[in-house]
Protein chains: 2
Amino acid sequence: MTASLLTRLRRSDEVTDSEAVRLAGAVSRMESFAPRATVCRAHVPLDVSKLLIDGFVSRQCTLLDGRRQILAIHVPGDFVDLHAFALKYLDHDVVALTTARLAVVPHEQLREITDSEPHLTRMLWFATTVDAAIHREWIASLSRSAMARVAHLFCELRARLEVVGLADRSGYALPLTQIDLADATSLTPVHVNRTLRQMREAGLLDFRAGRVEIGDLDGLIRLASFDPRYLYLDRTAR
Amino acid sequence: MTASLLTRLRRSDEVTDSEAVRLAGAVSRMESFAPRATVCRAHVPLDVSKLLIDGFVSRQCTLLDGRRQILAIHVPGDFVDLHAFALKYLDHDVVALTTARLAVVPHEQLREITDSEPHLTRMLWFATTVDAAIHREWIASLSRSAMARVAHLFCELRARLEVVGLADRSGYALPLTQIDLADATSLTPVHVNRTLRQMREAGLLDFRAGRVEIGDLDGLIRLASFDPRYLYLDRTAR
DNA sequence: CGAGGCCTTGAACCGGTTCAATCCTGGTGG
DNA sequence: CCACCAGGATTGAACCGGTTCAAGGCCTCG
């Protein structure tokens, strides 16, 4: 169950077998969600956190005028609402974008890990600070052009999915709608559509039928000015 | 030195005297910075983190076209680059917006705290997840109108400064330029200026001479649709 | 007293939005 | 088996919030 999380953590630091066992043992059960189903709601006290096994989920909030803002998109291996362990409730909703399976980890288990496994604790802390780094990159991304924003999102998802073996240089499965992309980039669906057409015509990328087909990864990276260092994928003792 | 950090942490949970002593003992020295001085630079390995004692500092990055994007504004009591303890380097620069004093905490000390003080560790972890929550709120804010964005920034700073006794309902000192506000809201200085004029004419707020004078806090909160729950200022065991 | 920042205001411009219509596709029920 | 329907994708045209460019004004500091 925790295989993809381990793959991710091991990309950034060494994880001992006993730590891996500890983590696997912390999972109490699995949960499945249909597309659009709410995984957890803002401002509701939580005593579990959830690890995404497969599918895509988003952190999102609903603005006053009813528009949905996607704050982050999570991929398999992400400990989606680990923040809730420290925060005790979330400030946003977590919603399934596709069919999704998540492993449930009671905070009681996390509490015991923090009491007895300092290194594992630092790894989990690390995972939440990477989330924060991704948020910052989104803030910077939002101040750029529509093309750059959309390209950046595709580059980021590619890099993160590659870590868990779900993407390569040529593309990846991404069963989202243009509306999802619009809500994630703060653009209108209409403009996302035009932007995708431009990218297709430029031979950069073709997003169709739930799949991202990358024509020119280097061009895409340049367009997005994507620098993956903010994902902290290099290996260092933590 | 750690008084304002303690005030902040104690707002969210109980901190024992021995924990407070441990935290105070972790500070190795003080550093002062002039306005615009760089506190730490992106992508440079770090072995200390810094706690803001007084003044304002920003997390920021420079976009390809030379524009500066402010990703966060920190107020006294904030453990500005605590993230670097987990990340080992930062993905952005930290720059003094005003004259600023910071307390330096070696990662070695933080390491020892994580090894022997689980509750204090969770408190520090908590502090970084609140930073992430603030980032998310900025993402949502950026998708709204110029008025709402600027109003939201003023509301947030007021709420955070109030915790450490540096603001009340009527206003607070904020020695930033309109250019700083522009870079923090992804607006142009020209438009920030027009927005501030509108807010002044509406009797909501007067930002002049390095001070925010609030005329109608409730109106401002409404305009910003500011909901302070994302700052996690309620007291809970963590 | 001159220079450099910052603030302020006007006018033209433009990237992205809004509104509206049409197409396409997969799923459903008769 | 096919008509129908709903949700998403696509395209055109008018519009608008915020940008850009340009010109002063004001204040502080050397």
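A, B, ... follow the sequence lines: proteins, then strands. Residue 1 opens every chain. For the numbers below, each heavy atom of this structure counts, side chains included, while hydrogens, waters and symmetry mates do not.
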Discussion item. Base, sugar-phosphate or nothing for B:Arg67? Non-hydrogen atoms, less than 4.0 Å.
Written reply: nothing

Worksheet item: So what does B:Ser186 hit on the nucleic acid, given a heavy-atom distance under 4.0 Å: a base, only sugar-phosphate, or nothing?
Response: sugar-phosphate

Discussion item. Counting distance alone, no hydrogens or angles: does the base of D:dG17 have a donor or acceptor under 3.5 Å from a partner atom on the side chain of B:Arg194?
Written reply: no

Discussion item. Heavy atoms only, 4.0 Å cut-off, all strands: where does B:Leu187 land among base, sugar-phosphate and nothing?
Written reply: sugar-phosphate

Worksheet item: Rounded to whole angstroms, how far apart are CD1 on A:Ile179 and C1' on D:dG8?
Response: 6 Å

Worksheet item: So, is A:Asn193 near the phosphate of D:dT10, with a side-chain N or O under 4.0 Å from OP1 or OP2?
Response: yes

Fill in: Test item: A:Ser225 and A:Arg144 side chains (from C-beta on) under 4.5 Å apart, heavy atoms
yes

Practice prompt. Take atom CG of A:Asp183 and atom C1' of D:dG8, then tell me their distance rounded to the nearest Å.
Written response: 13 Å

Worksheet item: Tell me: NE2 of A:His191 to P of D:dC16, nearest whole Å?
Response: 18 Å

Item to complete: For the side chain of B:Ser145, starting at C-beta, report the closest nucleotide among C:dG16, C:dC7, D:dG18.
Response: D:dG18

Discussion item. Can you confirm whether the side chains of B:Tyr230 and B:Glu156 place a donor and an acceptor under 3.5 Å from each other?
Written reply: yes

Worksheet item: Rounded to the nearest Å, what distance is computed from the CZ atom of residue A:Phe207 to the C1' atom of nucleotide D:dT10?
Response: 15 Å

Item to complete: Kindly say if B:Gln178 contacts the phosphate of C:dT8, meaning a side-chain N or O under 4.0 Å from OP1 or OP2.
Response: yes

Item to complete: Could you tell me the separation between the CD atom of A:Gln198 and the C1' atom of D:dT11, rounded to a whole number of Å?
Response: 14 Å

Discussion item. Within the 3.5 Å criterion, strictly below it, is a donor on A:His92 or A:Gln69 matched to an acceptor on the partner's side chain?
Written reply: no

Fill in: Nucleotide nearest B:Arg197 when distance is taken to its side chain, options C:dT9, C:dC7, D:dT11
C:dT9

Worksheet entry | Residue pair B:His83 / B:Asp131, side-chain donor-acceptor N/O under 3.5 Å | yes

Worksheet item: How long is the line joining CZ of A:Arg149 and P of C:dG16, in whole Å?
Response: 7 Å

Fill in: Whole-Å distance separating the CZ atom of A:Arg208 from the P atom of C:dC24
13 Å

Item to complete: Take the protein atom CG of A:Leu196 and the nucleotide atom P of C:dG16, then report the distance between them rounded to whole Å.
Response: 14 Å

Practice prompt. Examine the side chains of A:Asp93 and A:Gln60 and answer whether a donor and an acceptor come within less than 3.5 Å of each other.
Written response: no

Practice prompt. Check every atom of C:dT18, D:dA9, D:dT19 against the side chain of A:Val190 and return the nucleotide holding the closest atom.
Written response: C:dT18

